[in-house]
Amino acid sequence: MANMVQALDATRCPLCGEANRCAMEIERETGQPQPPCWCMAMDFSRAPLERLPEALRGQACLCARCAAGAQGD
């Protein structure tokens with residue numbers, strides 16, 4: 001599992017693999033100031049976090065679709 005965490009792309013959703021568009025990660029990578037991230041106003045209560053292995057939690061942002069609990073990924 002440790003290799004999975006090391007190989008994780010912080011710009012992609014760990015649930016579906018789509019771009020998470022995290023402004024905080026974009027700013028960290030580019031050094032360019034970004035507006036507040038969409039996630040700051042998001043309700044994550046419907047996010048299927050139980051599908052995310054414990055070792056991957058807190059390593060990369062979910063995308064807005066997964067954070068909202070959208071099915072189909």
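Residues Cys63 and Trp38 approach most closely at C-CH2, 3.6 Å, considering heavy atoms. Closest approach of Ala47 to Leu62, counting heavy atoms only: CB-CD1, 3.8 Å.
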Quiz: residues 14-21 side-chain donor-acceptor pairs under 3.5 angstrom, not counting sequence neighbours:
unit_1	atom_1	unit_2	atom_2	d
Asn20	OD1	Cys22	N	3.1
Asn20	ND2	Ala10	O	2.9
Asn20	ND2	Cys61	O	3.0

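Residues meeting the side-chain contact (heavy atoms from CB on, under 4.5 Å) test with Gln34, sequence neighbours left out: Ala23, Ile26, Glu27, Thr30, Gln32. Every residue meeting the side-chain hydrogen bond (donor to acceptor under 3.5 Å, both in side chains) condition with Arg57, not counting sequence neighbours, appears here in chain and number order: Glu54. Under the side-chain hydrogen bond (donor to acceptor under 3.5 Å, both in side chains) criterion, Arg28 pairs with Glu25, sequence neighbours left out. With sequence neighbours excluded, the residues forming a side-chain contact (heavy atoms from CB on, under 4.5 Å) with Ala68 are Met42, listed by chain and number.
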Met24 and Cys39: CA distance, side-chain angles, deciding distance, side chain to side chain contact (heavy atoms under 4.5 Å, CB included) verdict
CA-CA 10 Å; Met24 292 179 286; Cys39 68; 3.7 Å; yes

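Pairs engaging residues 30-50 under the salt bridge (Lys or Arg N to Asp or Glu O under 4.0 Å) rule: none recorded [sequence neighbours left out].
The structure places CZ of Phe44 at 8.5 Å from CG of Leu49, a figure rounded to the nearest 0.5 Å.
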